[in-house]
Amino acid sequence: MTKPLTINPLKAKDFATDQDVRWCPGCGDYSILKQVQSVFAELGLDKDEVVVISGIGCSSRFPYYTETYGMHSIHGRAPAFVSGLKMANPDLDVWMVTGDGDGLAIGGNHMMHILRRNFNVNIMLFNNQIYGLTKGQYSPTSEEYKKTKSSPYGSLDHPINPIAFALGCDASYVARSMDRDPKHLKAMLHRSHKHKGAAFLEIYQNCNIFNDGAFFEFTDKATKADRALFVEHGQPLIFGKDQEMGIRLNGLQPEIVNLKHGLFTEDDLWIHDERDIHKANILARFSEISGLPRPFGVIYAIDRPTYEEVAFAQLDDVKSVKGEGNLDQLLAGNMNWEIK
Amino acid sequence: MTKPLTINPLKAKDFATDQDVRWCPGCGDYSILKQVQSVFAELGLDKDEVVVISGIGCSSRFPYYTETYGMHSIHGRAPAFVSGLKMANPDLDVWMVTGDGDGLAIGGNHMMHILRRNFNVNIMLFNNQIYGLTKGQYSPTSEEYKKTKSSPYGSLDHPINPIAFALGCDASYVARSMDRDPKHLKAMLHRSHKHKGAAFLEIYQNCNIFNDGAFFEFTDKATKADRALFVEHGQPLIFGKDQEMGIRLNGLQPEIVNLKHGLFTEDDLWIHDERDIHKANILARFSEISGLPRPFGVIYAIDRPTYEEVAFAQLDDVKSVKGEGNLDQLLAGNMNWEIK
Amino acid sequence: MGVTTIKEEITIKFAGDSGDGMQLTGTLFTENTAIKGMDLATFPDFPAEIRAPIGTLAGVSGFQLHFGSRIIYTPGDDYDVLVAMNAAALKTNLGRLKKGGTIIANTDGFDKKNLRLAKFEDGAQSPLEDDTLEGYDVFKIDITKLTRACLVDTSLGTKEKDRCKNMFVLGFLYWRYSRDLDPTIQYLKTKFKSKPEILKANIMVLKAGYHYGETTETFSNQVEVKSAPLAKGVYRSIMGNQALVLGLVTAAQKSGLPLFYGSYPITPASDILHGLARHKNFNVKTYQAEDEIAAVCAAIGAAYGGNLAVTGTSGPGLALKGEGIGLAVMLELPLVIVDVQRGGPSTGLPTKTEQSDLLQAVYGRNGECPLPVISISSPVDAFYTAIEACRIAVEHMVPVILLSDGYIANGSEPWKFPKAADLPAIEAKFAKERTGNGEHFLPYRRDERHVREWALPGTRGLAHRIGGLEKEAETGEVSYDPPNHEYMVKIREAKVARIAEHIPEQKILNGPEEGDLLVLGWGSTCGVIESVTRDLVSHGHKVAHVQLRYINPFPRNLGDILNNFKKILIPEINNGQLSKVIKSTYLKPVEQYNKIQGIPITKAELKAQILQVLKAN
Amino acid sequence: MGVTTIKEEITIKFAGDSGDGMQLTGTLFTENTAIKGMDLATFPDFPAEIRAPIGTLAGVSGFQLHFGSRIIYTPGDDYDVLVAMNAAALKTNLGRLKKGGTIIANTDGFDKKNLRLAKFEDGAQSPLEDDTLEGYDVFKIDITKLTRACLVDTSLGTKEKDRCKNMFVLGFLYWRYSRDLDPTIQYLKTKFKSKPEILKANIMVLKAGYHYGETTETFSNQVEVKSAPLAKGVYRSIMGNQALVLGLVTAAQKSGLPLFYGSYPITPASDILHGLARHKNFNVKTYQAEDEIAAVCAAIGAAYGGNLAVTGTSGPGLALKGEGIGLAVMLELPLVIVDVQRGGPSTGLPTKTEQSDLLQAVYGRNGECPLPVISISSPVDAFYTAIEACRIAVEHMVPVILLSDGYIANGSEPWKFPKAADLPAIEAKFAKERTGNGEHFLPYRRDERHVREWALPGTRGLAHRIGGLEKEAETGEVSYDPPNHEYMVKIREAKVARIAEHIPEQKILNGPEEGDLLVLGWGSTCGVIESVTRDLVSHGHKVAHVQLRYINPFPRNLGDILNNFKKILIPEINNGQLSKVIKSTYLKPVEQYNKIQGIPITKAELKAQILQVLKAN
Ligand SMILES: Cc1ncc(C[n+]2csc(CCOP(=O)(O)OP(=O)(O)O)c2C)c(N)n1
Ligand SMILES: Cc1ncc(C[n+]2csc(CCOP(=O)(O)OP(=O)(O)O)c2C)c(N)n1
Ligand code: SF4
Ligand code: SF4
Ligand SMILES: [Mg+2]
Ligand SMILES: [Mg+2]
């Protein structure tokens with residue numbers, strides 16, 4: 001499909017449908033929706049070339065609210081629909097929306113496989129560490145001993161780390177952002193779109209009804225500077241209200257150092273390298289090392305061929321070697337005989 | 001259940017059933033079966049306390065050949081059966097058998113979840129990089145561009161790295177061995193058994209019918225010493241025919257160094273530390289860094305509570321706080337009235 | 001104090017915004033009603049959204065209560081009284097208010113903003129002001145204002161004050177229906193033990209509402225409903241999902257087996273998981289799996305290990321469990337699969353009720369894969385049928401599908417709950433340990449009911465292998481032998497069929513043994529069928545009601561019963577699924593009445609349908 | 001050269017160890033037979049194991065060929081000739097050799113070791129030596145020795161020499177049946193183009209076998225089967241799975257849509273994936289998904305994107321796809337789901353055939369979820385029915401289940417293949433792009449067949465959302481409106497029902513228009529029913545044969561046909577699944593003949609059954 005001329009580029013509001021948005025008032029999903037609509041506009045997307053595909057969950061209502069093509073599919077399987085759609089039409093601009101339950105409980109396997117296969121899609125995993133739509137059960141990303149409707153005495157499951165999981169699945173792109181930092185979120189959505197391949201973006205999202213405040217330490221003015229670390233390729237890992245803290249690697253162990261004390265300077269710090277899988281793996285584990293801030297931004301990004309690219313190249317290859325198929329020849333096969 | 005006295009410890013052959021073993025002559029599964037039976041004997045296991053649970057595949061025929069309790073379940077779901085069984089009876093000694101298709105294609109999600117939940121089970125993933133039972137299609141671990149029945153022009157999928165995947169799933173124990181090194185395999189099986197929690201053991205297994213020689217570089221006398229690296233906790237990473245090669249970390253990059261040249265000594269080498277997740281993650285990626293040998297042994301092992309342990313503790317806790325449930329009280333509820 | 005009118009039955013619908021506390025108001029009024037000895041049935045009506053924006057149509061939350069001095073079978077068709085806390089609540093519910101019915105409206109909920117949110121036309125007048133409500137008995141009360149006024153001297157903020165509004169309504173209705181405030185005051189005291197200010201406020205407003213009724217002469221009279229001819233005994237109120245939870249716990253206790261419940265949350269089954277998770281002191285293990293497939297497989301694993309294993313879900317989840325259930329059929333292990341049906345197909349109408357998984361339950365697996373299917377017919381029945389499902393599973397070593405639906409799950413009824421001691425035991429038949437070198441253990445040897453023994457891993461001398469491949473009779477070894485396969489298919493079928501000998505004969509719930517029309521129902525249509533047929537029988541119609549609990553196998557006398565009636569009418573909240581099974585089993589023509597709207601069949605609808613069928617006689 | 005006997009039909013079973021090359025021998029003999037203008041049918045019989053140990057019973061591989069000068073409907077019940085390359089092959093197959101039949105045995109395969117592996121009793125004599133084979137015509141030939149002797153002057157190793165054994169058998173049979181060696185020599189020349197030594201050896205041994213027959217006077221005579229009255233034209237031989245592959249490719253070409261095949265390997269469906277994967281130059285995209293759920297969902301994604309989307313599997317896989325298929329029903333997108341049935345339930349008998357997924361296909365999804373189900377009745381029919389499935393899916397915007405089975409999948413027949421140009425086109429109805437601000441696009445607006453348009457992402461002006469929640473008529477927006485739901489359930493049903501107007505009326509394959517007995521079949525029972533009923537009709541019985549291709553909806557005249565017969569007999573390789581559907585649809589009593597052994601019904605069995613039913617008349 002050739003991209004038609006767009007004379008009047010669309011505005012963010014042009015990407016809003018006429019449907020009432022039915023999330024709870026105050027839900028973090030609103031902000032994400034808004035940023036996505038803005039980014040669609042900023043990217044100058046053609047709404048007829050965009051498809052938003054989701055599973056089931058509060059987050060997965062997303063397609064109903066974006067004025068593009070969209071499919072609200074079934075629970076956990078969005079990656080599979082995306083894969084098939086991309087095989088049918090690799091030119092579409094596909095955005096996938098999923099939740100921590102949809103994408104990591106029932107849908108964990110499809111997530112693994114779409115990541116390793118590297119279809120060219122922008123994946124947004126809304127992580128609110130809870131099942132919202134089913135009214136508040138713990139999810140695979142919920143912290144241990146969480147009291148929820150289904151775990152009145154505390155949950156027992158050790159949570160999955162979405163970033164570590166995605167890296168373990170050989171994702172070509174892994175990033176993290178949050179609902180309450182619109183600027184960062186928009187920047188990350190732009191990057192997702194730019195990435196050719198499966199761009200896995202975890203978005204911390206506040207479910208103010210069933211898990212209010214799960215990420216406040218990273219989003220609240222008071223604590224954000226100390227608890228959130230914004231990584232950028234080629235830049236040292238620095239954080240803190242006055243950018244006074246840094247991270248260095250002591251062997252393989254990340255350590256916080258104070259840049260004010262004069263003992264360490266920026267030169268001692270870990271320089272972020274998106275293409276380094278080992279560094280990415282260590283960053284992924286920051287959440288498990290007490291005291292370390294939580295990394296946001298592009299944790300890992302490399303180029304590798306997309307599945308559809310290779311698949312269509314193979315189709316062309318075979319055609320160029322064997323020639324366009326001839327149906328009569330195919331039906332006849334190699335061995336015939338005649339009855340006269 | 002109390003473990004009954006075993007007066008005559010069982011021999012390896014006592015763990016063989018009277019069923020004909022139906023793998024192809026020459027299949028690597030035979031060796032694995034033999035080592036498992038020996039290890040069961042060496043561990044002095046009571047066959048009535050052992051349960052072998054598998055999915056579907058050539059490898060998953062395993063339970064029929066071990067004289068213990070066993071379940072040949074359905075494709076990909078063995079981890080779920082294991083989880084339920086462990087919740088019913090945590091004292092059983094459960095061994096799970098799966099294949100690269102069973103455990104990483106259809107069953108990848110259950111694998112993820114049993115690993116993060118850390119049920120106490122010994123998982124053996126027979127990786128032959130092919131679907132054996134269905135007669136030779138590429139699997140999620142098959143190398144790219146592999147020609148198989150279902151990919152006559154070469155497969156397109158980027159393979160999953162089972163070790164990296166397991167680490168990404170927060171497995172508490174990750175190890176690798178091979179069918180053709182009985183001694184090492186036995187040692188690894190002993191370690192699996194010793195580990196409390198989900199012990200993930202990838203076993204390279206030769207499918208001589210559909211993927212013969214996939215691992216010969218690691219198993220053949222001629223190349224094994226140079227291509228296989230046997231890691232041991234607290235020991236430096238050394239390999240080569242004359243143990244002349246070592247691996248050191250240059251920053252985060254593993255490098256091969258020659259110990260003969262006098263430039264490097266053992267002191268410069270990477271000392272294996274099973275408990276270091278960062279090191280484990282780098283070891284997991286050796287297979288993707290050209291020139292590096294393939295690590296075998298325990299890549300990662302830490303202690304964390306098993307799911308069943310915490311679950312039963314919680315049951316006891318609740319009972320100790322609320323007292324054993326009284327059915328009449330439960331039926332009556334909190335609000336009654338009487339019709340006279 | 002004016003006259004007191006006596007009524008036989010009344011249906012009230014409490015409707016307001018999700019934040020207006022209508023569920024609590026309804027529940028408290030219900031308890032108050034029950035204590036007075038009336039019979040009743042209730043049904044809540046939640047918005048599909050978690051929290052829809054305040055004041056919108058999507059945000060309306062309702063609670064319907066039907067009570068009376070006679071036996072009550074359903075939460076009622078149309079309402080006698082509608083409490084409408086805002087314009088959206090009125091708009092959504094007016095359609096089912098009876099002609100001449102009473103409306104109690106909170107005028108504050110009908111301001112411009114509320115009208116707009118409720119999608120009244122721009123600039124439209126309030127329906128309280130124009131002629132929309134002509135013919136109804138409308139009581140307009142500015143409940144918000146009155147509540148605030150009553151609390152003017154407290155230190156509560158406006159938000160907190162407004163949260164007491166529902167107590168005003170409740171108090172007002174208590175006066176109207178000649179009720180005692182005490183039980184509610186007691187309840188409030190427990191609930192707000194640690195918040196004395198809130199407690200005081202609630203009680204004040206409750207009383208204010210009561211006095212408002214008493215003093216303002218809004219109503220010229222009070223209404224009283226006498227107690228119903230209920231059996232003597234101690235009662236409680238119970239919802240369907242709750243009763244199911246109690247049934248499962250009871251079955252576990254009565255069988256001496258620990259309960260394992262493996263599930264993945266899904267509306268409207270999730271509350272079973274929530275309920276069971278609270279009962280860990282009954283040795284109940286709940287396991288929230290990563291998906292429905294893992295849930296059923298974990299349950300099979302637990303059954304293999306000797307637990308009373310149950311997995312619960314709704315339609316889409318049952319579809320996913322099909323392959324796993326097939327394995328359970330092959331393994332011949334006890335397992336209960338609960339399906340709380342909802343509107344389908346696909347995601348469908350997740351918060352609405354439907355009976356459309358019957359064919360899936362009976363046929364939805366690969367191969368010849370028969371299993372018992374039984375169904376629940378009311379909230380209280382969920383308790384007994386859950387026990388029965390467990391009994392069949394354990395005593396016949398078979399997976400059992402237990403069908404409930406959204407209407408049963410969330411509806412409630414008074415329940416004369418039994419004594420634990422009066423409930424029969426469930427007998428599991430475990431294979432005994434073997435020492436020495438006797439004959440080989442035969443895991444698939446069967447007793448006269450074709451039932452094999454339950455051989456638990458860990459039992460001395462019974463080591464054996466099971467699996468999904470066809471097995472040799474008796475030994476259970478893998479067998480590709482052609483006649484053996486046929487034998488095993490037939491024996492698995494016979495095992496299920498033979499359960500008919502271990503269940504009661506089908507009873508006729510009411511009506512004659514033979515006659516013009518048999519109304520044959522299953523599941524949540526029970527109440528409406530019973531109510532309508534009783535009415536018709538009392539008017540001399542030769543109509544009877546049979547409600548099926550057992551769908552596979554059917555009770556052994558069902559065929560005879562069907563033969564005794566000229567016509568059979570099968571009302572279902574689906575497109576005719578039981579009809580299909582009845583027709584293929586008994587080759588009898590049946591009339592169908594199918595309503596597929598995600599809501600129950602009303603008495604009026606069913607009555608009209610029955611009369612039409614009778615007339616066509 | 002002795003006399004030549006003329007026979008009308010012959011069944012040969014080639015049996016040997018997996019390594020003995022019996023599949024190739026059978027295939028070459030089949031081709032040779034076809035070229036001579038005889039009609040034929042074949043069926044291979046693989047071991048369940050990939051490579052069972054040499055010489056064991058589990059390792060026996062067989063190939064059955066039935067050919068004749070009359071029309072051949074099945075691969076034959078019992079064999080006239082059994083080629084047994086070793087003791088295990090004899091043991092496994094002797095039971096189905098006709099009384100007085102011929103055995104060609106390779107004596108070298110009957111040594112002590114082979115006897116032991118074939119589980120003859122310890123120390124037992126060779127069955128070639130004792131009286132086991134009394135009454136049979138036994139030819140004992142030391143094929144191994146003769147082959148080696150023939151190749152003594154070549155440089156081949158013993159292993160390579162022994163691999164030529166099968167050519168000796170083939171040559172021997174060619175003499176016996178008065179055949180030409182040329183086509184086989186041609187074949188060998190292509191196959192071993194790059195291995196001249198092997199080629200030479202094979203030809204030598206082939207000729208040696210032929211000459212052995214000619215010179216040793218083992219047989220007193222040659223046998224000849226004349227050509228059959230087949231329609232004139234050019235033929236090829238084709239297996240069911242292969243024909244299905246060609247049908248799908250043809251449908252793609254005829255609809256102008258790229259083919260997308262999403263699948264997860266499973267016996268006996270995998271060969272469809274393998275076959276399609278070879279046809280990338282026909283723009284065929286094969287996608288090996290991570291499981292069956294991903295396979296069906298990817299196919300739905302591809303359908304959404306405008307491909308002719310197909311997913312294929314066998315029973316357990318179909319169970320897993322249920323939820324996804326439900327979504328496809330809701331989305332109203334074209335999709336073909338192929339189910340190559342195998343023995344169930346659960347993993348069952350994976351390498352054996354069965355027809356036991358019919359009820360799952362018709363009913364195995366949550367909610368009211370109807371879809372067309374059509375079935376294939378022979379290897380060649382797989383081609384045409386696959387096209388028909390695609391036609392219905394695309395022209396009616398609906399997922400279609402296409403039922404095949406293991407017997408069809410692996411069986412083969414001669415096929416007078418059509419010219420591409422003679423096959424009708426399939427018309428997809430795409431929604432057209434819209435520019436400007438006209439009315440809103442209505443994705444669920446329907447035409448007179450109740451079919452919506454296919455609106456592809458990327459089409460200008462059609463942006464819209466679809467999903468699994470119930471949708472509003474026409475607009476497709478989410479709707480919880482009760483009457484709308486009922487309307488949508490009914491319209492989805494009506495859409496499927498209306499397909500009956502777009503399929504042919506049911507034909508009677510043979511027999512009278514009315515009579516004593518209608519034998520009603522579906523799927524792979526076609527051949528045996530046709531063969532037996534023709535026989536009975538020719539003997540004057542008033543028996544007719546109807547074979548259903550369309551199971552949902554049934555052809556519109558089926559009810560009338562059923563009414564024209566006194567009795568209906570439904571033979572099935574299951575426990576009576578079509579019977580259930582027929583009974584619930586037409587309320588007619590039916591007689592069942594059910595064989596559930598993983599193997600086809602034989603002519604003898606069916607004939608006996610029919611005669612019994614007729615007698616009971
Ligand atoms: C097959 C199936 N199982 C279960 C459900 C019920 N269900 C709907 S959404 C959901 C989980 C939602 O959690 P998440 O993905 O985290 O999304 P959120 O609502 O938190 O945005 C579940 C269990 C379903 N719709 N389908
Ligand atoms: C639901 C289902 N889908 C597909 C299959 C077919 N199947 C059986 S084993 C297998 C894969 C086997 O590969 P792997 O797990 O690697 O085991 P291996 O045979 O190589 O040991 C497949 C696809 C099945 N039995 N069940
Ligand atoms: S339940 Fe939570 S996630 Fe769902 S809409 Fe409400 S606030 Fe958002
Ligand atoms: S196919 Fe491969 S994996 Fe399977 S038994 Fe044969 S050699 Fe082993
Ligand atoms: Mg969530
Ligand atoms: Mg494998």
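Both backbone and side-chain heavy atoms feed into the values below; hydrogens, waters and symmetry mates do not. Here is the naming used below: chain letters follow the sequence lines, and residue numbers restart at 1 for every chain.
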Would you mind checking which part of A:S54 comes under 4.5 Å of any heavy atom in chain D, side chain (CB onward), backbone (N, CA, C, O), both or neither?
-> neither
So what's closer than 4.5 Å to chain A heavy atoms on D:V296: side chain, backbone, both or neither?
-> neither
D:A455, part contacting chain A, at a heavy-atom distance under 4.5 Å = backbone
Kindly assign one of parallel, tilted or perpendicular to the pair A:F15 and A:F40, based on the angle between their ring planes and the thresholds 30° and 60°.
-> perpendicular
Do the charged groups of A:K196 and A:E309 touch, with an N to O distance under 4.0 Å?
-> yes
Given the rule in the ring pair (Phe, Tyr, Trp, His ring centres under 6.0 Å) test, do A:F62 and A:W95 qualify, once you have shown the distances and angles that lead to the verdict?
-> CA-CA 10 Å; A:F62 209 89; A:W95 298 71; 9.2 Å; no
With a 4.5 angstrom heavy-atom cut-off, could you sort out which part of A:F119 is near chain D: side chain, backbone, both or neither?
-> side chain
Greatest number of non-hydrogen atom pairs under 4.5 angstrom with chain A, of D:E323, D:Q253, D:K232, D:E290, falls to D:E290
Taking NZ, NE, NH1 and NH2 as the nitrogens, is one of them in A:D46 or D:R460 under 4.0 Å from a carboxylate oxygen of the other?
-> yes
Heavy-atom distances under 4.5 Å only: say whether A:K322 touches chain D with side chain, backbone, both or neither.
-> both
Counting heavy-atom pairs under 4.5 Å with chain D, the top scorer among A:D316, A:V52, A:L85 is A:L85
D:Y187 versus chain A, heavy atoms under 4.5 Å apart: side chain, backbone, both or neither?
-> neither
Hey, are A:E308 and A:N120 close enough side-chain-wise for a donor-acceptor pair under 3.5 Å?
-> no
Decide whether A:K319 and D:N283 meet the rule of one side-chain donor and one side-chain acceptor closer than 3.5 Å.
-> yes
Side-chain donor-acceptor pair present, A:H195, A:S172, cut-off under 3.5 Å = yes
Atom group of D:Y235 that falls short of 4.5 Å from chain A, counting heavy atoms = both
Residue pair A:D102 / A:H75, side-chain donor-acceptor N/O under 3.5 Å = yes
Residue selection (most heavy-atom pairs with chain A, distance under 4.5 Å) from D:L230, D:V478, D:L462, D:V284 | D:L462
Is a side-chain donor-acceptor pair under 3.5 Å present for D:T42 with D:S412?
-> yes
Greatest number of non-hydrogen atom pairs under 4.5 angstrom with chain A, of D:A231, D:P258, D:A294, falls to D:A294
Interchain contact, A:A332 with chain D, by part (heavy-atom threshold 4.5 Å) | both
D:K321/D:E292 ion pair, N-O < 4.0 Å | no
Count the heavy-atom pairs under 4.5 Å between each of A:V51, A:T68, A:V318 and chain D, then report the option with the highest count.
-> A:T68
Does the side chain to side chain contact (heavy atoms under 4.5 Å, CB included) test come out yes or no for A:E42 and A:L189, once each step is laid out?
-> CA-CA 11 Å; A:E42 288 165 16; A:L189 293 169; over 6 Å; no
Among A:A88, A:S320, A:G333, which residue forms the greatest number of heavy-atom pairs with chain D at distances under 4.5 Å?
-> A:A88
Per-residue tally against chain D (heavy atom, under 4.5 Å) across A:P63, A:G76, A:G323, A:G70 peaks at A:G70
Region of A:S73 in contact with chain D, defined by heavy-atom distances below 4.5 Å = both
Contacting region of D:L257 [heavy-atom separation from chain A under 4.5 Å] | neither
Output the option from A:Q19, A:K86, A:E324, A:H110 having the highest count of non-hydrogen pairs under 4.5 Å with chain D.
-> A:H110
Flag this pair as yes if the NZ/CZ of D:R179 is under 6.0 angstrom from the six-membered ring centre of D:F67 and inside a 45 degree cone about the axis; otherwise no.
-> yes
Answer with side chain, backbone, both or neither: which region of A:D18 has an atom nearer than 4.5 Å to a non-hydrogen atom of chain D?
-> side chain
Answer with side chain, backbone, both or neither: which region of A:R61 has an atom nearer than 4.5 Å to a non-hydrogen atom of chain D?
-> side chain
Answer with yes or no whether the side chains of A:H72 and A:Y64 bring together a donor and an acceptor at under 3.5 Å.
-> yes
Does any heavy atom of chain D fall under 4.5 Å from the side chain of A:N326, the backbone, both, or neither of them?
-> backbone
Under 3.5 Å, is there a donor-acceptor pair between the D:Y287 and A:R117 side chains?
-> yes
When heavy-atom pairs shorter than 4.5 Å are enumerated against chain A, which of D:K416, D:Q186, D:E477, D:K419 gives the highest number?
-> D:E477
Check the side chains of A:S192 and A:N122 for a donor-acceptor pair under 3.5 angstrom, ignoring hydrogens and angles.
-> no
Region of D:Q242 in contact with chain A, defined by heavy-atom distances below 4.5 Å = neither
Can you tell which of D:L331, D:T190, D:D291 has the highest number of heavy-atom pairs within less than 4.5 Å of chain A?
-> D:D291
Go through D:K280, D:H279, D:R465 and name the one with the most non-hydrogen pairs under 4.5 angstrom from chain A.
-> D:R465
